[in-house]
Amino acid sequence: MLKDEVFKEQTLKPADFKFSKKVADVFDDMVSRSVPFYAEMQRMIAELAANHALDGTNVYDLGCSTGTSFILMDDTISKDVRFVGIDDSADMLQKCKGKLDEAGISRPYDLVVGDLNNGVEIKNASVVILCLTLQFVRPLYREKLLKKIVDGLVDNGVLIIVEKILAEESQFNRDFIDYYYNYKRRQHYSEMEISQKREALENVLIPYKLSENILMLREAGFSHCEIFFKWYNFSGIVAVKN
């Protein structure tokens, strides 16, 4: 695994963050060092998906990046379920295909280049995953995307979301951000790396409060939402279509 040094060199003004080849090459190290309990989140996603994936349906991972979720789910989900990965970065999908091939994934799967801001086709899905993805969809298009997901889910299908979130109260929000940056320091990111990545993400990653995400899910048509993970400013939600 290549080490994430994307923001190691100082620049005058970091460009907006993009999932480029440079990021794709180090993404697994980047996300494991930038997201608290990332491995446990992924294990939980695979566990939840296994309880809801139905033979003859599709499991979608929107913003599938390098395919970590698929590799973990392959051991827990019937081979009669097709995997569909959608990502707007062709470099990420190339990395994903290499990892799936290396892992010996034998089930049918599709990897599709697609921009979630412009709508995607979801069909015959029993499980849809948005792992650290919805936060990158422009707010104007989030509700439309969630409604497309509801329409594409079978009855009792689920959407599994992990998001970076804002605290409900501003004081806790400031505290949680401080705790998060302390976490990144413990992962050996320098102050400059933390600062430059924060600036690069400022106009790209737009988090909502947990309550705002749940309201949006309900308004999109999900009948029940349950929180399955919470760490300061990160949360996991499973939403059910009835």
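Hydrogens, waters and symmetry mates play no part in the numbers below; they use all other heavy atoms, side chains included.
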* Are Glu47 and Arg43 close enough for a salt bridge, meaning some N to O gap below 4.0 Å? -> yes

* Looking at Ile129, Val81, Val127, which hits side chain to side chain contact (heavy atoms under 4.5 Å, CB included) with Met73? -> Ile129

* Please step through salt bridge (charged side-chain N to carboxylate O under 4.0 Å, His left out) for the pair Arg33 and Asp29, ending with a clear verdict. => CA-CA 6 Å; Arg33 292 169 58 211; Asp29 180 67; 2.9 Å; yes

* **Working for side chain to side chain contact (heavy atoms under 4.5 Å, CB included), residues Val23 and Met92** => CA-CA 8 Å; Val23 169; Met92 281 290 195; 4.2 Å; yes

* To do: Can you see which heavy atom on Gln135 is nearest to which on Lys164, and at what distance?
  => OE1-N, 2.7 Å

* Pair Lys209 + Glu212: basic N to acidic O under 4.0 Å -> no

* Is there a donor-acceptor pair under 3.5 Å between the side chain of Asp155 and the backbone N or O of Asn242? -> no

* Asked: Cluster question for you: counting only ILVMFWY and a side-chain heavy-atom cut-off of under 4.5 Å, with indirect links fine, are Leu132 and Ile237 together?
  -> no

* Give a yes or no on whether a salt bridge exists between Glu219 and Lys147, defined as a side-chain N under 4.0 angstrom from a carboxylate O. => no

* Does the side chain of Tyr183 come within less than 4.5 Å of Tyr189's, by heavy atoms? -> no

* Asked: Does Leu159 reach the side chain of Phe222, with side-chain heavy atoms less than 4.5 Å apart?
  -> yes

* Is the side chain of Glu40 donor-acceptor paired with the backbone N or O of Phe37 at a distance under 3.5 Å, no angle test? -> no

* Backbone N or O of Ser65 within a donor-acceptor pair of the Asp87 side chain at under 3.5 Å? -> yes

* To do: Check whether any side-chain heavy atom of Phe27 lies under 4.5 Å from a side-chain heavy atom of Lys95, and answer yes or no.
  => no

* Ser223 side chain to Val240 main-chain N or O, any donor-acceptor pair under 3.5 Å? -> yes

Under 3.5 Å, side-chain donor or acceptor atoms of residues 55-63 against the rest of the protein: list the pairs with distances, not counting sequence neighbours.
| unit_1 | atom_1 | unit_2 | atom_2 | d |
| --- | --- | --- | --- | --- |
| Asp55 | OD1 | Ser78 | OG | 2.8 |
| Thr57 | OG1 | Leu54 | O | 2.5 |
| Thr57 | OG1 | Ser126 | OG | 2.7 |
| Asn58 | ND2 | Lys123 | O | 2.9 |
| Tyr60 | OH | Lys123 | N | 2.9 |
| Tyr60 | OH | Lys123 | O | 3.4 |

* To do: Compare every heavy atom of Ala15 with every heavy atom of Ala200, then report the nearest pair and how far apart it is.
  => CB-O, 3.3 Å

* Asked: Take atom CD in Glu102; do more than 12 heavy atoms of anything else shown fall under 6.0 Å from it?
  -> no

* Flag this pair as yes if the NZ/CZ of Arg186 is under 6.0 angstrom from the six-membered ring centre of Tyr181 and inside a 45 degree cone about the axis; otherwise no. => no

* Residue pair Ser20 / Asp91: nearest heavy atoms and the distance that separates them -> C-OD2, 3.9 Å

* To do: Mark yes when over 12 heavy atoms from residues, nucleotides or ligands other than Glu5 sit less than 6.0 Å from its CD; otherwise mark no.
  => yes

* Asked: Is the Tyr180-Phe234 ring centre distance short of 6.0 angstrom?
  -> yes

* Asked: Judged by atom type as modelled, is there a donor-acceptor pair below 3.5 Å linking the side chain of Glu163 to the main-chain atoms of Leu134?
  -> yes

* **CA sep, side-chain torsions, deciding dist, call: Asn118, Lys144, side chain to side chain contact (heavy atoms under 4.5 Å, CB included)** => CA-CA 9 Å; Asn118 295 328; Lys144 181 180 178 182; over 6 Å; no

* Between the side chain of Asn173 and the main-chain N/O of Ala167, is any donor-acceptor distance below 3.5 Å? -> yes

* Asked: Is Arg82 close to Arg107 at the side-chain level, that is, under 4.5 Å between some pair of heavy atoms?
  -> no

* Side chain of Lys241, backbone of Asn156: donor and acceptor closer than 3.5 Å? -> no

* **Leu72 side chain near Ile45 side chain, heavy-atom distance below 4.5 Å** => no

* **Ile86 side chain near Cys64 side chain, heavy-atom distance below 4.5 Å** => no

* Is atom CD of Glu168 surrounded by more than 12 heavy atoms (other residues, nucleotides or ligands) closer than 6.0 Å? -> yes

* Could you state whether Leu217 and Ile122 fall into the same hydrophobic cluster, counting links through intermediate Ile, Leu, Val, Met, Phe, Trp or Tyr residues with side-chain heavy atoms under 4.5 angstrom apart? => yes

* To do: Output, in order, the C-alpha distance, side-chain angles, deciding distance and verdict of side chain to side chain contact (heavy atoms under 4.5 Å, CB included) for Cys131 and Ile160.
  => CA-CA 8 Å; Cys131 182; Ile160 303 170; over 6 Å; no

* Asked: Which heavy atom in Leu166 sits nearest to a heavy atom in Pro207, and how many Å separate them?
  -> CD1-O, 3.5 Å

* Asked: Would you call Asp25 and Lys21 a salt bridge, using N to O less than 4.0 angstrom?
  -> yes

* **Side-chain touch Ile227/Val238, heavy atoms, less than 4.5 angstrom** => no

* Can you find a heavy atom in the side chain of Phe172 that is under 4.5 Å from one in the side chain of Ile177? -> no

* **Lys97 bridged to Asp101 by N-O distance under 4.0 Å** => yes

* **Sidechain-backbone polar pair: Asn117 side chain, Arg138 backbone, donor-acceptor under 3.5 Å** => yes

* Does the side-chain hydrogen bond (donor to acceptor under 3.5 Å, both in side chains) test come out yes or no for Ser34 and Gln187, once each step is laid out? -> CA-CA 8 Å; Ser34 298; Gln187 305 306 310; over 6 Å; no

* Would you check, one step at a time, whether the test salt bridge (charged side-chain N to carboxylate O under 4.0 Å, His left out) holds for Glu191 with Arg185? => CA-CA 8 Å; Glu191 296 301 320; Arg185 293 179 185 104; 2.5 Å; yes

* Sequence neighbours excluded - ring-ring contact (aromatic ring centres under 6.0 Å, His included) pairs with any residue from residues 110-147 -> Phe19-Phe136

* **Non-hydrogen atoms of His224 and Arg218 that approach each other most closely** => CA-NH1, 4.1 Å

* Asked: Should the pair Asp28-Lys99 be classified as a salt bridge under the 4.0 Å nitrogen-to-oxygen rule?
  -> yes

* Asked: Do the two ring centres, one from Phe83 and one from Tyr109, sit under 6.0 Å apart?
  -> no

* To do: Check step by step if side chain to side chain contact (heavy atoms under 4.5 Å, CB included) holds for Val26 and Val6.
  => CA-CA 8 Å; Val26 301; Val6 172; 3.7 Å; yes

* If you draw the axis of the six-membered ring of Phe7, does the NZ or CZ of Lys197 fall within 45° of it and under 6.0 Å from the ring centre? -> no

* **Backbone of Glu9 reached by a side-chain donor or acceptor of Gln196 within 3.5 Å** => yes

* To do: Mind listing the closest non-hydrogen atom pair of Ile194 and Lys184 along with its distance?
  => CD1-CB, 4.0 Å

